[in-house]
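Okay, so here's the structure we're looking at.
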Amino acid sequence: MAGPPGARPGAPLWMLAEVVRLRTAFPEFSFGICAGWHGLTFEAWREPGPGGLCAVITQDAGELWQELAATQPEG
């Protein structure tokens, strides 16, 4: 079964589902699942823009959501 673009083959279904949810919530970012020092990690990045966050690498999906949400304009 193929996962979302950028996802590592064999990544757990919960990680694949999280990437789909993240792409929907934060379309300005690109996402992937990659091998890290201590297992699979989530990666989120965007092309440099008018300052601010451009990349996050973490094993913790909650931390990734928190960091990306902090980049969103107040509204």
Side-chain angles (χ1 to χ4, degrees):
M1 176 171 125
R8 184 170 178 84
L13 289 177
W14 72 268
M15 289 184 89
L16 298 174
E18 200 65 42
V19 166
V20 170
R21 290 180 57 223
L22 285 158
R23 280 195 177 112
T24 301
F26 305 100
E28 68 275 20
F29 285 87
S30 298
F31 296 91
I33 299 170
C34 299
W37 286 100
H38 300 288
L40 296 178
T41 61
F42 292 102
E43 295 185 357
W45 66 93
R46 68 176 169 197
E47 296 301 317
L53 180 70
C54 65
V56 177
I57 301 171
T58 181
Q59 288 184 301
D60 183 343
E63 178 183 25
L64 183 56
W65 276 91
Q66 182 179 14
E67 293 298 324
L68 296 180
T71 70
Q72 302 303 299
E74 299 281 329

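Each residue takes its place number in the sequence, starting with 1.
- Separation of atoms CZ (Phe26) and CG (Leu68) is listed at 5.0 Å; rounding is to 0.5 Å.
- In this structure, Glu63 contributes its side chain and Thr58 its backbone to no donor-acceptor pair below 3.5 Å.
- The closest side-chain heavy-atom distance from Glu18 to Phe31 is not below 4.5 Å.
- The CD atom of Glu28 sits 4.5 Å away from the CD atom of Gln72 when rounded to the nearest 0.5 Å.
- Annotation: side chain of Thr71 is not in contact with side chain of Glu67 (no heavy-atom distance under 4.5 Å).
- Here the shortest heavy-atom pairing between Ala44 and Leu64 reads CB-CD1, 3.7 Å.
- The two residues Pro12 and Leu40 make their nearest non-hydrogen contact at CD-CD1, 3.6 Å.
- Among all heavy-atom pairs drawn from Gln59 and Thr41, the shortest one is CG-CG2, 3.6 Å.
- Between Ala61 and Trp14 the shortest heavy-atom distance is CB-CZ3, 4.5 Å.
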